[in-house]
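Scroll down for the structure; my scribbles are underneath it.
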Amino acid sequence: MAEPNVKTTAIDQVARIKDDAKGSPSSSSSPVHAAPEVVVMTTGDEFEEGKTGMFAYLKTRNFYIVLLLGQVLALCITGTNTFSSLLSEIPFSIPAFQTLWNYILLNIIYTSYTLYKYGWKKYVNMITRDGWKYIILAFLDVEGNYFTVLAYRYTTILSAQLINFWAIVMVVTISFIFLKVRYHPTQIIGILICIGGVGILFGSDHITQGSGFGGVTGGNQLKGDLFALVGATFYGLSNVAEEFLVSKRPLYEVIGQLGFWGMFIDGAMTGLFDRPQYKSSVWNDGKVGGYLTGYTLCLLIFYSGAPILFRLSSAAFFNISLLTGNFWGTAIGVKVFHLHIHWMYPLAFVCIVVGHVVYYLGKSILGEARKPWLGRNQERGVAGVGTAREEGVERGEGVACLEEWSVWGERGQLGMRLVLCLMEDGVLRVEPVW
């Protein structure tokens with residue numbers, strides 16, 4: 001019975017702050033150019049109360065956005081796999097060099113925007129404070145890309161996509177141990193159904209062995225599969241790290257820093273390990289430039305969309321979404337590599353999609369957007385596109401918050417919003433909303 005009294009007292013405090021702000025004279029030199037207004041934001045429990053059920057999340061718009069975005073990313077990763085295979089056939093296989101251009105583009109686009117939002121002083125402070133986190137993220141991501149591309153030198157496109165299965169195991173394990181994520185039984189069942197769909201794919205590949213798409217390609221098949229598994233390990237680690245970071249920081253900061261540090265790490269790797277391939281690869285084939293451009297653009301779209309999916313769902317759902325890439329890869333193989341599709345492939349695709357639906361049965365209307373490491377009210381996270389905290393601000397019910405809509409920077413540009421939030425223990429806390 002004490003909690004309502006605490007909230008009422010806090011709301012009264014907010015009301016007094018609001019009255020004081022309205023009564024104070026405004027000045028042109030003041031950084032705040034608008035009177036604060038009281039908005040109401042839900043706590044996590046209040047927001048989801050009465051909005052749970054077996055099909056609660058499936059009835060929301062976010063579920064279909066997550067499903068569609070997952071397939072767009074699966075198509076992008078299939079595109080990169082296809083371009084890697086086409087380059088290997090030329091032959092042109094320089095793993096670190098292939099991905100270097102993606103990091104350069106990410107850095108140009110997102111770091112430039114970060115500098116525009118932050119200014120040089122704040123940008124340098126951010127790197128000083130959090131740069132080491134982004135260096136680790138970039139290293140994991142660069143190594144994942146390197147070993148994945150390297151795998152295509154020794155194995156086939158379908159065998160290399162074993163990466164998706166092992167990455168799921170890594171993501172679920174790491175999230176459970178370090179981020180305290182607890183999976184609903186239907187999520188485990190959904191993951192197993194998706195893996196069953198991949199099993200159907202490999203079963204059909206075994207039946208049609210010798211087609212050139214999934215059969216053994218000489219004595220290097222095992223080496224290629226091992227490289228794919230190493231890449232999957234790094235991918236699993238980087239996926240969890242990126243989900244954690246984008247839940248706490250703005251998207252443009254995380255992607256920009258990934259591109260910034262990845263550019264240097266990847267550049268060093270291509271200088272150290274790819275020098276023999278520069279001589280052995282074919283450069284005078286006109287197709288090389290086109291394939292590299294296609295590869296880079298697919299990765300650029302992939303890296304821009306993945307953090308949004310991490311916010312809306314999780315690294316686990318992200319990876320089971322990529323499992324349909326096996327089907328899309330086969331569809332492309334029919335057109336590009338003139339292969340024959342087996343009747344079990346469409347069945348496997350349907351099985352994986354059904355697994356996606358089962359994965360979200362029994363989830364609340366926030367799905368996986370509500371992250372356990374951000375606190376009950378997501379007070380330790382950032383409010384932005386796809387976050388549960390942003391949903392709470394938009395809904396406008398529950399705990400009182402004082403929101404400053406117009407906070408201006410030194411150069412006269414619009415800065416950030418400041419929200420005075422009531423935490424679950426009744427403490428009022430000022431939080432930035434980016």
Side-chain angles (χ1 to χ4, degrees), residues 61-62 65-66 68-70 72-73 76-77 102-119 122-123 125-127 129-138 140-142 144-145 171 175 179 235 238-263 297-319 321-322 366-371 373-374 378-394 413-419 431-434:
R61 179 187 59 182
N62 279 357
I65 293 175
V66 164
L68 178 61
L69 182 57
V72 170
L73 297 181
C76 288
I77 207 67
N102 171 58
Y103 293 116
I104 292 175
L105 277 180
L106 290 174
N107 181 53
I108 291 173
I109 295 171
Y110 290 101
T111 299
S112 299
Y113 187 72
T114 305
L115 283 169
Y116 167 76
K117 295 288 289 184
Y118 287 0
K122 185 175 179 182
Y123 181 77
N125 289 337
M126 179 268 295
I127 290 182
R129 183 184 66 249
D130 298 324
W132 65 273
K133 301 175 185 177
Y134 294 119
I135 292 175
I136 294 174
L137 173 65
L140 294 173
D141 191 76
V142 168
N145 284 329
V171 165
S175 298
L179 299 184
Y235 270 145
S238 67
N239 289 164
V240 175
E242 188 170 359
E243 181 187 0
F244 177 81
L245 289 171
V246 297
S247 68
K248 288 177 165 287
R249 303 301 303 163
L251 290 178
Y252 52 82
E253 178 187 306
V254 177
I255 304 175
Q257 284 295 287
L258 176 58
F260 179 77
W261 296 110
M263 181 176 62
L297 290 178
C298 285
L299 272 186
L300 179 64
I301 297 171
F302 181 81
Y303 275 75
S304 299
I308 300 175
L309 191 62
F310 286 141
R311 281 184 171 183
L312 286 168
S313 58
S314 65
F317 186 84
F318 167 81
N319 279 278
S321 293
L322 299 186
L366 290 179
E368 291 184 295
R370 188 180 178 192
K371 311 296 184 182
W373 59 88
L374 298 180
Q378 305 294 279
E379 65 273 7
R380 290 191 290 273
V382 67
V385 178
T387 62
R389 182 170 169 183
E390 181 70 12
E391 287 286 328
V393 172
E394 289 177 356
Q413 78 276 19
L414 181 63
M416 70 181 73
R417 293 188 301 167
L418 292 179
V419 183
E431 292 283 338
V433 180
W434 305 93

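Heavy atoms only: backbone and side chains are in, while hydrogens, waters and symmetry mates are out.
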Item to complete: Please identify each residue that fulfils ring pair (Phe, Tyr, Trp, His ring centres under 6.0 Å) with F302, with sequence neighbours left out.
Response: F318
Practice prompt. Please round to the nearest 0.5 Å and tell me the distance separating atom SG of C298 and atom CG of L73.
Written response: 11.5 Å
Response to the item:
Residues passing the side-chain hydrogen bond (donor to acceptor under 3.5 Å, both in side chains) test with Y103, sequence neighbours excluded, are D141, N145
Practice prompt. For side chain to side chain contact (heavy atoms under 4.5 Å, CB included), just list the numbers for I108 and M263, CA-CA rounded to whole Å, side-chain angles, deciding distance to a tenth of an Å, and then say yes or no.
Written response: CA-CA 10 Å; I108 291 173; M263 181 176 62; over 6 Å; no
Response to the item:
Sorted by chain and number, sequence neighbours left out, side chain to side chain contact (heavy atoms under 4.5 Å, CB included) with I301 holds for C76
Worksheet item: Can you name the side-chain hydrogen bond (donor to acceptor under 3.5 Å, both in side chains) partners of S247, sequence neighbours left out?
Response: W373
Fill in: Nearest-0.5 Å distance, CG of residue L140 to CD1 of residue I135
12.0 Å
Fill in: Those residues that, when tested against I127, pass side chain to side chain contact (heavy atoms under 4.5 Å, CB included) (two or more places apart)
Y123, Q257, W261
Worksheet item: Which heavy atom in I308 sits nearest to a heavy atom in L251, and how many Å separate them?
Response: CG1-CD1, 3.9 Å
Worksheet entry | Counterpart residues, side chain to side chain contact (heavy atoms under 4.5 Å, CB included), relative to L105 (two or more places apart) | T296, L300
Discussion item. Quick check for you: to the nearest 0.5 Å, what is the distance between K122 atom NZ and R129 atom CZ?
Written reply: 8.5 Å
Item to complete: Report the residues that fulfil side chain to side chain contact (heavy atoms under 4.5 Å, CB included) with I255, sequence neighbours left out, ordered by chain and then residue number.
Response: L106, Y110, P307
Fill in: Listed partners of W132 passing side-chain hydrogen bond (donor to acceptor under 3.5 Å, both in side chains), at least two apart
none
Worksheet item: Under the side chain to side chain contact (heavy atoms under 4.5 Å, CB included) criterion, do V171 and E243 qualify, and how do the steps go?
Response: CA-CA 10 Å; V171 165; E243 181 187 0; 5.7 Å; no
Item to complete: Would you name the heavy atoms of Y118 and P250 that are closest together and state the gap between them?
Response: OH-CG, 3.5 Å
Worksheet, complete the sentence: In this structure, OG of S112 is separated from CG of N107 (nearest 0.5 Å) by 7.0 Å
Item to complete: Please test L258 against Y134 for side chain to side chain contact (heavy atoms under 4.5 Å, CB included), starting from the C-alpha separation and ending with a verdict.
Response: CA-CA 6 Å; L258 176 58; Y134 294 119; over 6 Å; no
Worksheet item: Taking all atoms of both residues into account, what is the closest heavy-atom pair of D130 and R249, and its distance?
Response: OD2-NE, 4.5 Å
Discussion item. So, using side-chain hydrogen bond (donor to acceptor under 3.5 Å, both in side chains) as the criterion, who are the partners of N239 when residues are at least two apart?
Written reply: N319
Practice prompt. Would you confirm whether T111, through its side chain, and G256, through its main-chain N or O, come within 3.5 Å as a donor-acceptor pair?
Written response: yes
Worksheet item: CG/L69 to CG/L309 distance, rounded to the nearest 0.5 angstrom?
Response: 5.0 Å
Worksheet entry | Verdict with reasoning, K248 to L374, per side chain to side chain contact (heavy atoms under 4.5 Å, CB included) | CA-CA 8 Å; K248 288 177 165 287; L374 298 180; 3.9 Å; yes
Worksheet item: If you look at every heavy atom in G262 and A138, which pair is closest and at what distance?
Response: N-CB, 3.6 Å
Worksheet item: Quick one: ring pair (Phe, Tyr, Trp, His ring centres under 6.0 Å) partners of F317, sequence neighbours excluded?
Response: H356, Y359, Y360
